[in-house]
Amino acid sequence: MGLQPTSEQGAKWDIPLNKTHYPNAYFKEEVDGWHGYIEWEKYPEKKAQAANILSKYSFADPPEFQLQPLPDTNPILEGVRWKQYHAALGSTLEKLPEESWDIVKKEKSVDMIHVLDFPYNGEPPRDRLIKTPLTSNEDHFVRNHGGIPVIESDKWFLDVGGLVNKPQRLRLSDLQNESIFPRQSAVITLQCSGTRRIEQIREYPGEGDELINAPWGEGAIGTARYTGVSLKKVLKYCGGLKEGAHDLEFVGVDTYFKKGEVYNYVVSVPYRKARVHEVMLAWEMNGKPLPKIHGYPVRAVVFGYIGARSVKWLSRINVISEPTRAPVQKKEYLYFTPQIGKHNVTYSSGFSIQDMPVSSAIMFPLDKSVIIHSGSITMRGWAFSGGTGGNWPERVEVSTDGGSIWYETPYELLSKKYLHAWRTWAIDVPVDAEGWLELVVRCWDNALNTQPTFVRSTWNWDLHVTSSCHRIKVYSVNKSRPRTAQRLAELEKRGIPFEPITRPLEFELESDERYEEEMVNRVGRDPDE
Ligand SMILES: Nc1nc2c(c(=O)[nH]1)N[C@H]1C(S)=C(S)[C@@H](COP(=O)(O)O)O[C@H]1N2
Ligand SMILES: [Mo]
């Protein structure tokens, strides 16, 4: 069945998925060998045509999960609206959701937490992420805003233009020609500015449009060795910068939808970032070609900045005089004060998030777990500090009482220092107390920056950069305490599992004789006089 109007004449059209619809829209792919790439930025009239088509449909509302619980499914969210956007634009993009999902299945670990089916967003299981200082390509988180383009590496090229003296078209073989460009290789942590957003959502929900796609936990961060060339060398090869050059605009080929309009994924970073060799054009991730899902064949890697600037499937770099007005830069990734929200938010009132601040997370144990121990608990996690020039976690501290008393994690258990990467950490922390405890972590970086104390201190309408001390709750059962040891032994004898803790004990907690003895020992319930 084709498209049906929702009601009377003039109403918008509902868009069914998996439809065979009229060839009402057809947008040609721009370049042979670049599948899933429609160029929008060069053709304003084509953009207008797409916006006109989109305006004819009514799309599914975003699911409400911020004021209600998240679905207990994997994928957690489906992305119906984004699938519909792609379908509405006709046959060129219509199959992208399925094709992208096939790539997810091929390239990512089977047990990823699929935060969103489409555009694909996923993070690895918490305890595995920090088992190794480098993240495997299969486990590295993915943050996509659209479908995954598939580009043949020998058909790929990069256009460098704008305020450069000699605009150039470079192929992968040019970038890889070591007689022109020396190699650059570095261990880099990429962190999405949405990492740990779920903590902000739980306390105070925020903007529910774009963010609906990414209710991240602590796993939207990953560390890999990237290999490529320093963008500074490429700009030099292009004759250097012209007068007035200030920012570098990166164009990714994927299609980005925002408020009824279409774009390619475009952001910018200041030139000063490239000047200090902190922007790499990378084609290798952990010694292997970039996976398709991570930007094959070439992506930008911007050290210490929010992940959003590290553009995947890079096709063009424009040297410009001011930060780009493209919506990802201008309308997204803004940081607001806590007084700003639906009632008064504007784009200009937030600042544009670039540098990632110091942050950390407890990846083991998991929140709400029950830990039976003999006086100490093992904690493990990551700590990271972004920025420019290189920052690194110098000290990681944990608390088992919500942040009154802190223990320094032993330096032998911190992974190697890099200028632009996280450090994994571990500690056996003494725990005497029983019952619910709040475990906390905070990091101090080399510049003595540390983390805000509570989520409340970092809450912002777009729910970005949850860099407050990470807090989890665990239920402590200290079997070095005689009464606890006795209770555990009794449960074992009776073959009753300890968990879930919420299940009532079916046997008496104490014999009548013992109770009477105790009452004597405690000198009764009430005072004598
Ligand atoms: N072309 C393109 N580049 C992109 C994105 C995108 O959607 N399209 N997402 C950005 C965001 S928000 C992040 S956090 C990182 C994630 O990189 P990864 O998926 O390789 O982990 O890619 C960035 N680069
Ligand atoms: Mo991101």
Side-chain angles (χ1 to χ4, degrees), residues 34 36-41 79 82 96 100 103-104 107-108 112 114-116 118-124 129 135-151 158 188-197 210-211 213-216 219-224 226 249-258 263-269 279-286 288 290-317 326-329 331-334 353-354 356 384 386 462-466:
W34 297 43
Y37 167 36
I38 298 176
E39 171 63 46
W40 301 107
E41 301 306 319
W82 260 258
L96 265 191
S100 296
I103 294 172
V104 171
E107 294 191 337
K108 304 314 291 183
M112 291 293 278
H114 307 303
V115 177
L116 180 72
F118 186 80
Y120 182 72
N121 291 322
E123 60 183 300
L129 177 57
T135 315
S136 72
N137 293 353
E138 295 72 28
D139 274 356
H140 197 281
F141 85 98
V142 177
R143 177 28 170 156
N144 287 341
H145 290 76
I148 302 168
V150 177
I151 304 170
L158 174 73
I188 300 297
T189 292
L190 277 189
Q191 186 183 4
C192 181
S193 62
T195 316
R196 296 181 41 205
R197 172 175 286 145
E210 184 83 3
L211 306 187
N213 290 341
W216 295 113
I221 183 168
T223 302
Y226 294 91
E249 181 180 64
F250 302 140
V251 182
V253 309
D254 43 333
T255 294
Y256 174 80
F257 293 82
K258 178 83 183 168
Y263 305 85
N264 296 107
Y265 185 91
V266 179
V267 294
S268 68
V269 301
V279 184
M280 189 196 293
L281 304 184
W283 56 80
E284 233 178 67
M285 183 174 179
N286 291 324
K288 290 172 216 146
L290 275 182
K292 291 190 181 69
I293 206 164
H294 290 292
Y296 182 87
V298 174
R299 78 177 300 172
V301 177
V302 183
F303 311 173
Y305 269 19
I306 58 171
R309 310 295 176 228
S310 291
V311 173
K312 305 192 269 191
W313 315 290
L314 187 65
S315 66
R316 274 200 304 287
I317 297 175
V328 186
Q329 192 83 16
K331 303 182 181 176
E332 300 294 331
Y333 301 104
L334 300 171
I353 314 165
Q354 300 274 52
M356 282 310 278
F384 175 58
D462 276 357
L463 313 178
H464 283 295
V465 193
T466 317

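Read the numbers this way: they start at 1 and go in the same order the structure lists the ligands and their atoms.
Heavy-atom contacts of N144 reach the following atoms of ligand 1: 7 (O) (cutoff under 4.0 Å). Numbered from 1 in the order shown, with element, the atoms of ligand 1 that lie under 4.0 Å from a heavy atom of W313 read 1 (N), 2 (C), 8 (N). Close approach of ligand 1 to H140 is summarised as follows: ligand atoms under 4.0 Å from at least one heavy atom of the residue are 21 (O). The Y333 neighbourhood of ligand 1 comprises atoms 12 (S), with distances under 4.0 Å to a heavy atom of that residue. Within ligand 1, the atoms closer than 4.0 Å to a non-hydrogen atom of V311 are 1 (N), 3 (N), 24 (N), numbered from 1 in the order shown.
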**Request:** Report the C-alpha separation of R316 and E41 in whole Å, then their side-chain angles, then the decisive distance to 0.1 Å, and conclude whether the salt bridge (charged side-chain N to carboxylate O under 4.0 Å, His left out) test is met.
**Result:** CA-CA 11 Å; R316 274 200 304 287; E41 301 306 319; over 6 Å; no
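Within the 4.0 Å heavy-atom cutoff, R299 counts among the residues contacting ligand 1.
The shortest contact between atom 14 (S) of ligand 1 and any protein heavy atom is with C192 CB, 3.5 Å. Looking only at protein heavy atoms, the nearest one to atom 10 (C) of ligand 1 is Y265 OH, 3.3 Å. The protein heavy-atom contact nearest to atom 15 (C) of ligand 1 is G307 O, 3.4 Å. Of the protein's non-hydrogen atoms, the one nearest atom 8 (N) of ligand 1 is D254 OD2, 2.6 Å.
Neither the backbone nor the side chain of P119 has a heavy atom within less than 4.0 Å of ligand 1.
Shown here is K292, whose NZ atom has no more than 12 heavy atoms of other residues, nucleotides or ligands within 6.0 Å.
Comparing E332, M285, K312 by heavy-atom distance to atom 3 (N) of ligand 1, the nearest is K312.
Residues H140 and E107 are not in side-chain contact: their nearest non-hydrogen atoms beyond the backbone lie 4.5 Å or more apart. N121 has its side chain within reach of W216: a pair of non-hydrogen atoms, C-beta onward, lies under 4.5 Å apart.
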